[in-house]
Amino acid sequence: MPLRLYNTLSKTKEDFVPLDPKNVRMYVCGPTVYDYAHIGNARPAIVFDVLFRVLRHLYGDAHVTYVRNITDIDDKINARAIERRGTRNVPVLDVLRELTEQTLAQYLKDVAALGTLSPTVSPRATEHIAQMVAMIQTLVAAGHAYVGEGHVLFEVASKPDYGKLARRSLDDMIAGARIEVAPYKKNPMDFVLWKPSDANTPGWESPWGRGRPGWHIECSAMAEEYLGETFDIHGGGIDLMFPHHENEVAQSEAAHKEHPFALIWMHNGFLNVEGEKMSKSLGNFVTIDELLADWPGEVLRLNMLRSHYRQPMDWTVAGMKESWNTLERWYSVVEPVASRRIGAKFLEALSDDLNTPQAIAELHKSGPEELAGGLALLGFSAIPEHIAAKKAVDTVEIARAIEARNAARKAKNFKESDRIRDELLAQGIVLKDGPGGTTWDVKK
RNA sequence: GGCCACGUGGCGGAGUGGUGACGCAGCGGUCUGCAAAACCGCGUACCCCGGUUCAAUUCCGGGCGUGGCCUCCA
């Protein structure tokens with residue numbers, strides 16, 4: 001069965017046929033580095049990592065290029081840097097650099113803990129200003145962009161198919177527009193490619209004076225740099241579909257004489273926490289870093305994959321416990337198995353638009369070899385220590401207690417043995433008596 | 001208001017025009033001093049109303065409900 005992927009452009013599942021099987025190319029919108037990544041940010045990181053792994057499986061590790069950008073220039077970052085500087089007498093640009101470096105390091109640490117492979121390239125916006133300027137110049141020269149009050153704007157009316165990705169017409173958008181109409185815009189929907197910077201804001205020299213790029217242009221410029229004008233897959237969260245992705249398509253195709261940009265657009269669904277939208281005011285805003293303090297990264301990963309990537313998903317503690325138990329059972333089975341095999345039905349499920357819940361169901365039905373193969377393909381280590389409880393426990397003390405309990409049991413002093421068991425339980429330690437002796441686990 | 005998703009058993013979550021995925025919980029059993037764990041077994045679910053059909057949870061129309069986007073957001 002060929003790989004089939006749901007394409008937002010056509011709203012159907014399509015057979016995936018790479019432009020070049022020797023170099024399958026995918027671009028995914030990465031983080032804006034100004035704050036800790038939250039659990040919602042983890043979703044695309046994990047989902048597109050699975051796709052990366054499936055593509056590598058199908059086309060070979062050396063034949064897939066995965067680009068995930070790092071947005072390190074952005075007005076949210078600027079605002080945060082000014083806030084962070086406070087009353088300190090240091091240049092805001094130094095604070096900004098410090099902020100983006102720290103946030104990026106944290107992000108990379110977080111997603112590594114989730115078992116994701118490093119993308120082939122992780123380009124940073126600030127290191128590709130020249131490419132962005134060049135693309136903007138091309139757009140201006142081609143009549144798709146104009147200059148107004150130090151800003152360079154993309155003229156949406158110059159692109160008749162503007163709105164094709166999000167499926168909305170220019171008329172609809174203008175009718176429902178709640179955007180501020182800047183005087184230098186010809187059309188309210190025109191968006192910024194370049195804008196002027198003041199002394200306290202990062203800026204680069206350009207044909208239009210000292211300034212900084214708009215949000216959308218970085219992805220277009222960096223995708224072209226590493227993947228060419230046309231490539232196979234572009235991914236990201238569904239909230240980015242409009243305006244970000246719509247604008248990327250418009251810019252890139254306008255700059256490339258209407259050669260298609262990404263052939264397949266993929267969007268992951270949103271994530272709720274315990275049935276509610278995640279927000280700071282509700283107090284249910286969870287960062288990856290916070291979760292990793294309580295849960296192994298691979299548990300987060302499995303929990304994420306139990307929902308189909310396009311479906312909205314509800315993140316719950318109950319679900320996390322279930323995921324943890326499942327992983328423990330699997331790892332206890334898989335550990336001694338040396339050989340691996342990819343199950344046909346498992347691969348078929350993944351090939352059907354990355355149906356990970358179905359793939360996981362197949363794993364439940366599989367023998368050890370196919371389980372090991374499936375776990376490996378999905379990016380699980382199968383190493384029991386990796387899913388050990390984070391809680392600090394005194395293993396020597398527990399071993400001593402188990403010994404004392406078993407001695408009491410042998411002497412048929414069950415009152416004493418039960419007392420020891422209850423005492424351990426009160427500390428969150430659950431005992432399991434098996435044919436091979438007594439083992440223990442941390443209660444979840 | 002516009003555009004777009006989704007509504008499956010106690011819960012999570014696939015899927016299908018006709019034989020009740022899968023997991024968790026629950027129930028019964030084996031095992032155990034007793035529990036737990038493990039293993040075995042157990043389930044008359046598809047929002048409502050019309051339509052098409054021999055047959056609809058699955059297709060079509062309408063309704064209701066939930067959510068997302070339209071503004072920074074994964």
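These values consider heavy atoms only, across backbone and side chains, with no hydrogens, waters or symmetry-generated copies. Values in this document were obtained by computation on a predicted structure and should not be read as measured data. Lettering follows sequence order; numbering is per chain, from 1.
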Nearest to the side chain of [X], which nucleotide is it out of [options]?
X: A/Trp215; options: B/rG68, B/rG33, B/rC73; result: B/rC73
X: A/Ser307; options: B/rG13, B/rG33, B/rC70; result: B/rG13
X: A/Lys432; options: B/rA37, B/rG68, B/rC73; result: B/rA37
X: A/Lys277; options: B/rG33, B/rC69, B/rG13; result: B/rC69
X: A/Asn268; options: B/rU32, B/rA74, B/rG15; result: B/rA74
X: A/Phe242; options: B/rC72, B/rA14, B/rC70; result: B/rC70

When all nucleic acid strands are considered with a 4.0 Å heavy-atom cut-off, which category describes [X]: base, sugar-phosphate, or nothing?
X: A/Arg419; result: nothing
X: A/Gly40; result: base
X: A/Leu431; result: base
X: A/Leu271; result: base

>> If we count only N and O atoms by modelled type, under 3.5 Å, do the side chains of A/His386 and A/Ser381 hold a donor and an acceptor together?
In response: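 Side-chain D/A pair, A/His386 to A/Ser381: present.
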Any salt bridge linking [X] with [Y]? Criterion: basic side-chain nitrogen under 4.0 Å from a carboxylate oxygen.
X: A/Asp433; Y: A/Arg405; value: yes
X: A/Glu369; Y: A/Arg340; value: no
X: A/Arg212; Y: A/Asp75; value: yes
X: A/Asp161; Y: A/Lys164; value: yes

>> Between A/Thr71 and A/Thr32 (side chain of the first, backbone of the second, donor and acceptor by atom type, cut-off under 3.5 Å), is there such a pair?
In response: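 No, A/Thr71 side chain to A/Thr32 backbone: no donor-acceptor pair under 3.5 Å.
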> When you check every protein heavy atom under 4.0 Å of nucleotides 4-10 of chain B, what one-letter string (B, S, -) results, 5' to 3'?
Replying inline: SSS----
>> Quick check on side chain to side chain contact (heavy atoms under 4.5 Å, CB included): which of A/Val33, A/Leu99, A/Asp72 does A/Leu104 satisfy it with?
In response: A/Val33
Polar atoms only, N or O, under 3.5 Å: list the protein pairs with nucleotides 21-24 of chain B and their distances.
unit_1: B/rA21; atom_1: O2'; unit_2: A/Lys365; atom_2: NZ; d: 3.1
unit_1: B/rC24; atom_1: OP1; unit_2: A/Arg329; atom_2: NH2; d: 2.9
unit_1: B/rC24; atom_1: O4'; unit_2: A/Glu322; atom_2: OE2; d: 3.3

> Taking the six-membered ring for Trp, are A/Phe242 and A/Tyr162 parallel (under 30°), tilted (30 to 60°) or perpendicular (over 60°)?
Replying inline: perpendicular
> Relative to the ring of A/Trp215, is the ring of A/His244 parallel (under 30°), tilted (30 to 60°) or perpendicular (over 60°)?
Replying inline: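 Parallel.
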>> I need the CG-P distance between A/Asp239 and B/rC73, as an integer number of Å.
In response: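 Atom-to-atom, A/Asp239 to B/rC73, this comes out as 8 Å.
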> How close do A/Gly30 and A/Arg68 get, heavy atom to heavy atom, and via which atoms?
Replying inline: CA-CG, 3.6 Å
Tell me if the side-chain of [X] makes a donor-acceptor pair with the base of [N], cut-off 3.5 Å, by modelled atom types.
X: A/His38; N: B/rA74; value: yes
X: A/Asn272; N: B/rG67; value: no
X: A/Asp433; N: B/rA35; value: yes

> Do we count A/Phe270 as stacking onto B/rA74 if the rule is ring centres under 5.5 Å and planes under 30°?
Replying inline: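 Yes, A/Phe270 stacks on the base of B/rA74, since the ring centres sit under 5.5 Å apart and the planes are within 30°.
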